[in-house]
Amino acid sequence: MNKDPYGQLASSLYASMNKQTRQAMGGVGAVLGTITSTGLKLDDFKHELQDYMVAELPGMLSLPHYTAKGTVTLGGQQQDMTFDAEENEVEDTLFELGKGLKPGDRVLAVRVNSGNDVVVVCKVVSSGG
């Protein structure tokens with residue numbers, strides 16, 4: 001019984017490509033994790049990471065018109081006051097997520113550079129807050 005050598009080659013290449021694809025994609029994707037006092041603990045990795053990155057979001061901040069009403073004390077007398085803030089845009093702002101994260105916070109992290117680096121993208125909370 002002669003086997004088809006081309007069929008065997010194609011089958012071998014197909015199996016090898018599947019294996020290589022699984023290995024390449026194994027370290028890529030989003031994963032949940034927890035900020036610790038000394039680093040980041042990913043849910044699917046048993047070791048804590050001390051060396052990770054945190055996303056920053058540069059851009060322009062648009063502030064809507066806002067009115068605040070309250071009571072202030074001036075010279076020992078209380079007065080009702082109204083503060084109006086007009087609509088405004090602030091250029092060159094930077095939202096620094098890392099400065100707002102605390103130990104115990106749940107985060108969404110993404111593996112990059114073939115799984116060699118991890119970037120924390122955002123804090124994750126339950127739908128109830």
Side-chain angles (χ1 to χ4, degrees):
M1 249 188 180
N2 263 346
K3 293 195 175 190
D4 178 15
Y6 296 109
Q8 287 179 331
L9 176 62
S11 178
S12 177
L13 286 173
Y14 179 77
S16 178
M17 288 182 68
N18 277 341
K19 179 181 176 187
Q20 294 295 328
T21 302
R22 277 194 307 277
Q23 286 176 344
M25 296 303 291
V28 179
V31 62
L32 290 174
T34 304
I35 298 294
T36 67
S37 60
T38 57
L40 171 67
K41 172 67 178 81
L42 299 177
D43 289 0
D44 68 351
F45 189 65
K46 68 179 181 176
H47 301 289
E48 179 183 77
L49 304 171
Q50 278 82 37
D51 186 26
Y52 63 94
M53 295 179 270
V54 179
E56 290 184 348
L57 304 172
M60 183 170 55
L61 177 63
S62 296
L63 302 169
H65 176 267
Y66 179 75
T67 301
K69 295 181 181 184
T71 304
V72 296
T73 304
L74 296 172
Q77 295 182 358
Q78 287 190 341
Q79 293 181 336
D80 291 334
M81 302 278 297
T82 301
F83 299 95
D84 282 319
E86 296 299 320
E87 182 177 323
N88 197 3
E89 290 182 343
V90 181
E91 293 184 22
D92 299 325
T93 58
L94 181 63
F95 178 70
E96 297 178 90
L97 175 64
K99 291 186 177 182
L101 295 175
K102 301 180 295 290
D105 284 347
R106 297 286 288 156
V107 295
L108 178 67
V110 177
R111 288 184 179 91
V112 294
N113 297 332
S114 300
N116 293 321
D117 294 313
V118 175
V119 178
V120 173
V121 178
C122 64
K123 180 179 174 181
V124 179
V125 297
S126 67
S127 61

Would the number of heavy atoms belonging to other residues, nucleotides or ligands and lying under 6.0 Å from CD of Gln50 be above 12? yes

Contact list for residues 34-43, test salt bridge (Lys or Arg N to Asp or Glu O under 4.0 Å), sequence neighbours left out: Asp43-Arg106

Among pairs that include at least one residue of residues 69-91, which meet salt bridge (Lys or Arg N to Asp or Glu O under 4.0 Å), considering only residues two or more places apart or in two chains? none

Would you be so kind as to tabulate the donor-acceptor pairs closer than 3.5 Å made by side chains of residues 56-63, with sequence neighbours excluded?
none

Which residues pass the ring-ring contact (aromatic ring centres under 6.0 Å, His included) test with Phe45, sequence neighbours left out? His47

Side chain to side chain donor-acceptor pair (under 3.5 Å) with Asp117: which residues, sequence neighbours excluded? Asn113

Contacts of type side chain to side chain donor-acceptor pair (under 3.5 Å), residue Thr38, not counting sequence neighbours: Glu48

Show, in sequence, the C-alpha distance, side-chain angles and deciding distance for Val120 and Leu108, and conclude whether the side-chain contact (heavy atoms from CB on, under 4.5 Å) test is met. CA-CA 6 Å; Val120 173; Leu108 178 67; over 6 Å; no

Hphob cluster co-occupancy, [X] + [Y], side-chain heavy atoms under 4.5 angstrom:
{"X": "Val118", "Y": "Val31", "result": "yes"}
{"X": "Val121", "Y": "Met53", "result": "yes"}
{"X": "Tyr52", "Y": "Val119", "result": "no"}
{"X": "Val124", "Y": "Ile35", "result": "no"}
{"X": "Leu101", "Y": "Phe95", "result": "yes"}

Work out which heavy atom in [X] is nearest to a heavy atom in [Y]; give both atom names and the distance.
{"X": "Leu42", "Y": "Leu49", "value": "CD1-CD1, 3.8 Å"}
{"X": "Thr67", "Y": "His65", "value": "OG1-CE1, 3.2 Å"}
{"X": "Gln78", "Y": "Thr71", "value": "CB-CG2, 3.8 Å"}

Report the distance from atom CZ of Arg111 to atom CG of Asp44, rounding to the nearest 0.5 Å. 4.0 Å

